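Below is one structure, written out as structure tokens; comments come after it.
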Amino acid sequence: MALGDFLVAYLRKIGVTHLFGIPGDLVLRLFLRFGARRGLRVVTMSHEPGVGFAADGYARATGRIGVVCVTYGAGGHNMVNPVAGSFSERVPILVLSGGPGDEERKLGTLIHHQAKEIESQLRIYRELTCAARLLDDPRTAAETVHELVQAVWREQRPGYLEVHRDMVERRIPVPKEIIAWDGTLQFARSDEQNVAEAVRDTVARFNAARRPLVTVGIETYRYKLKRDVQRLVETMGAPVATTVLSKGAFPEDHPLFLGVHIGAISPPGILRRVDRADLVLNLGAMRTDMDLGSRPPQVTRDRSIWAVDGRVHVSFHTYTDVHIRDFVRGLLRARLRRHRERVRYHDNLPRETPRAAAPLEVTGLLHEVNRFLRQHPRHLVIAESGDMLFAGLDVRLGRAGGYLAQGFYASMGFGVPGALGAQIGSGVRSLVLCGDGAFQMTGLEIAQAPRYGLSPIVVVVNNGGWQIFRPVVRRTELLDIPSWPYAQLARSWGGEGYRVETAGALRAALDEAARSRSFVVIEACVLPDDLSPVSRKYIQASARHGRWVRA
Ligand SMILES: Cc1ncc(C[n+]2csc(CCOP(=O)(O)OP(=O)(O)O)c2C)c(N)n1
Ligand SMILES: [Mg+2]
């Protein structure tokens, strides 16, 4: 069959429903193939970063592979940042790029959209993906696609395929195994003996521990272990924390849920409990400065077990080829001593809720968001980079709700397009918490919502600039950004728009939004020096760490 048709059929076979992209002449044939009847549903946005974040949101929310299709050079290079984010945060994305054909490459002239060399884009993507391949040999193209997609799935990381424009119609042989295969992708296999030994070692330490604690990390979510992990910790009876990146991977109304651990700047109750722990069992949490704090880690190796990246590190020794799924399932079969403890949930919010007529503050905004979620739990909360990334840690999710944020790579611009992609894939409406600076990066992708029938609620926190840095910058005018008429823009793009200055007005706008079927933008005005409690702690700690010179 033609290579283009093979790609469409293959992606459909693995359950991909949508393709996110922007065409260009060097990818047009391939793009149109995907958009053909009986192809995939094509979703276009205004700008490639929006396309990339939407595909990433689709993948995070559905647990399927997010597919993007871009033109060579200008398009491919625009897509670099979202793909780098997907790489860092373990999101399975497949990037399909066009490219110049064989004949035109032989002309010896530079080809439009080219940067340094024709191969430069492929080289860039090698650096940002688990596998990057050029489909230039019809004889092996089908196997190359199959191998690459399996790697993307196994590693839960992006992959890159470059299809030059003269290859789309080329007929390729498809091996019988691929035709006979049912389309189920497999996660990596572990070494059984290593699993057994790692489990034995872990169980012995867990059963000897008096004050164990479990950290649930992002891998448990990516590898679809939410239910298994819940069963496991219920057997263990140990308190559970999540990390900035894995918030939402464990139900926040669960009696064992302690809250979000963010190293030394965690709420005091979590800090004390982690300090008292004689064993911290980390299930799939990456060791990042964001989660551990930029000081030496609070959780030291001698009293911890880390299962991540296909390995289990028990104190100072390591079991290789033990994948998180097999490890968790091994623990589920083991005899674990049940620990008993009354666990209390901790956040960073002041107890008192604001008066309705009081000027809006970030903590009041969070109280209102929590109130909204208690009444309308089936929402996906998406927190943008900036103050809202840290503010979002104090959002309390119900069992029916979800949470997405770029909690580690932390690129601004993920929120709005991520919410569109997530709703396209899962049907779930998002509540996006977004700074005005971040909204000015990709927020205008909200204009795509009406034509796809999407309805995110976007709270744009207007504090007049990039204010997370304000506590450590003296010349605050360097952080200023222009004011946009956010609510008015929303209305002219076919949605609803509100501008609120008090807690009461925010509550009313959120209630209106809950009733609305269109997208909604709520501009929430706060003072420039108002920040969430966690951002204040984070930015001070980070400034000390970087020994910033005050501008
Ligand atoms: C793409 C990108 N560029 C720059 C940054 C650095 N950065 C982090 S937060 C921030 C300011 C965020 O401003 P805003 O969205 O208004 O949020 P606020 O902190 O003011 O609530 C910047 C520039 C980033 N994280 N991502
Ligand atoms: Mg701002």
Side-chain angles (χ1 to χ4, degrees), residues 197-220 225-226 228-247 249-288 290-293 295-308 311-319 322 324 327-328 330-348 393 396 534 537:
E197 193 69 15
V199 167
R200 232 184 337 260
D201 201 349
T202 302
V203 169
R205 281 169 197 255
F206 182 84
N207 287 349
R210 304 230 313 278
R211 292 177 305 279
L213 182 135
V214 178
T215 306
V216 170
I218 195 63
E219 272 194 1
T220 63
L225 287 168
K226 200 169 172 179
D228 297 272
V229 165
Q230 203 174 311
R231 267 208 305 138
L232 176 63
V233 298
E234 282 164 4
T235 313
M236 291 177 154
V240 177
T242 49
T243 68
V244 183
L245 181 53
S246 68
K247 180 177 166 77
F250 189 80
E252 298 202 329
D253 54 358
H254 195 283
L256 289 172
F257 186 57
L258 192 61
V260 181
H261 180 238
I262 168 170
I265 59 170
S266 307
I270 297 184
L271 268 184
R272 278 195 301 275
R273 183 58 186 80
V274 173
D275 275 338
R276 281 179 50 232
D278 52 358
L279 179 72
V280 180
L281 174 60
N282 289 282
L283 298 173
M286 305 195 296
R287 292 168 62 92
T288 74
M290 196 70 138
D291 293 329
L292 301 169
R295 298 192 321 190
Q298 196 194 0
V299 180
T300 50
R301 269 190 81 166
D302 56 322
R303 59 188 181 101
S304 64
I305 298 173
W306 291 84
V308 70
R311 287 156 189 248
V312 176
H313 309 274
V314 179
S315 185
F316 293 102
H317 59 275
T318 298
Y319 299 90
V322 181
I324 188 85
F327 183 60
V328 167
L331 289 174
L332 271 171
R333 286 192 297 269
R335 288 177 73 88
L336 289 157
R337 213 181 75 188
R338 189 172 158 73
H339 176 77
R340 288 188 198 281
E341 179 172 336
R342 278 178 72 107
V343 180
R344 206 163 65 85
Y345 167 77
H346 298 269
D347 63 17
N348 305 274
L393 302 183
R396 182 97 188 254
V534 189
K537 289 191 271 183

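Here the structure is a predicted model, which means the values were calculated and not measured. Only heavy atoms go into these numbers, but all of them, side chains included; no hydrogens, no water, no symmetry mates.
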Taken to the nearest 0.5 Å, the spacing of D253 CG from R396 CZ works out to 7.0 Å

Margin query: Tell me if the CZ atom of R338 is crowded by more than 12 foreign heavy atoms within 6.0 Å.
Written below: yes

In terms of heavy-atom contacts, V312 and A307 come closest through CG2-CB, 3.9 Å

*Can you tell if the side chain of I262 reaches within under 4.5 Å of the side chain of K537, non-hydrogen atoms only?*
no

Value for NZ (K226) from CG (D228), rounded to nearest 0.5 Å, stands at 12.5 Å

For P251 and Q230 the tightest heavy-atom approach is CG-OE1, 3.3 Å

Worksheet item: Do any N or O atoms from the side chain of N207 and from the backbone of R337 form a donor-acceptor pair under 3.5 angstrom?
Response: yes

>> Can you confirm whether V280 sits close enough to T215 that some side-chain heavy atom of one is under 4.5 Å from a side-chain heavy atom of the other?
In response: yes

Determine yes or no for a side-chain-to-main-chain donor-acceptor pair under 3.5 angstrom, with D278 supplying the side chain and R211 the backbone. yes

Any H346 side-chain heavy atom under 4.5 Å of L258 side chain = yes

Correct closest heavy-atom pair for G263 and L271 would be O-CD2, 3.5 Å

Q) Would you say the side chain of R273 lies within less than 4.5 Å of the side chain of R344, judging by non-hydrogen atoms? A) no

Start with the C-alpha gap between V240 and H254, add the side-chain angles, then the distance that decides, and say whether side chain to side chain contact (heavy atoms under 4.5 Å, CB included) holds.
CA-CA 9 Å; V240 177; H254 195 283; over 6 Å; no

To the nearest 0.5 Å, atom CG of L393 lies from atom OG1 of T243 at 9.5 Å

Does this structure show an ion pair linking R200 with E197, if we count only N-O contacts that are shorter than 4.0 Å?
yes

(message) Between S246 (side chain only) and V216 (backbone N and O only), is there a donor and an acceptor less than 3.5 Å apart?
(response) yes

Worked verdict on V343 versus F257 for side chain to side chain contact (heavy atoms under 4.5 Å, CB included) = CA-CA 7 Å; V343 180; F257 186 57; over 6 Å; no

| message | Between M236 and P212, is there a side-chain heavy-atom distance shorter than 4.5 Å? | response | no

| task | Might you confirm whether atom CZ of R311 has over 12 heavy atoms from other residues, nucleotides or ligands at distances under 6.0 Å? | result | no

Decide yes or no for I324 and L225: does some side-chain heavy atom of the first lie under 4.5 Å from some side-chain heavy atom of the second? yes

Scanning both residues in full, the closest heavy-atom pair of I305 with T202 reads CD1-CG2, 3.7 Å

One should read off an interatomic distance between T242 OG1 and L283 CG, to the nearest 0.5 angstrom, of 12.5 Å

Handout entry: K247 and E252: CA distance, side-chain angles, deciding distance, side chain to side chain contact (heavy atoms under 4.5 Å, CB included) verdict
Key = CA-CA 9 Å; K247 180 177 166 77; E252 298 202 329; 2.9 Å; yes

Side chain to side chain contact (heavy atoms under 4.5 Å, CB included) between L331 and T235, intermediate numbers included: CA-CA 10 Å; L331 289 174; T235 313; over 6 Å; no

Closest non-hydrogen atoms of L256 and G237, given as atom of the first, atom of the second and distance, are CD2-O, 3.7 Å

Interatomic distance, CD1@I270 vs OH@Y345, rounded to 0.5 Å, equals 8.0 Å

Between S304 and N282 the two heavy atoms that sit nearest each other are CB-ND2, 4.2 Å

Aromatic ring pairing H317/Y319, orientation class (parallel under 30°, perpendicular over 60°, tilted between)
perpendicular

Subject >> Expected output: side-chain R272 to main-chain P267 donor-acceptor under 3.5 Å >> reply: no

Value for CG (L279) from NE2 (H339), rounded to nearest 0.5 Å, stands at 10.5 Å

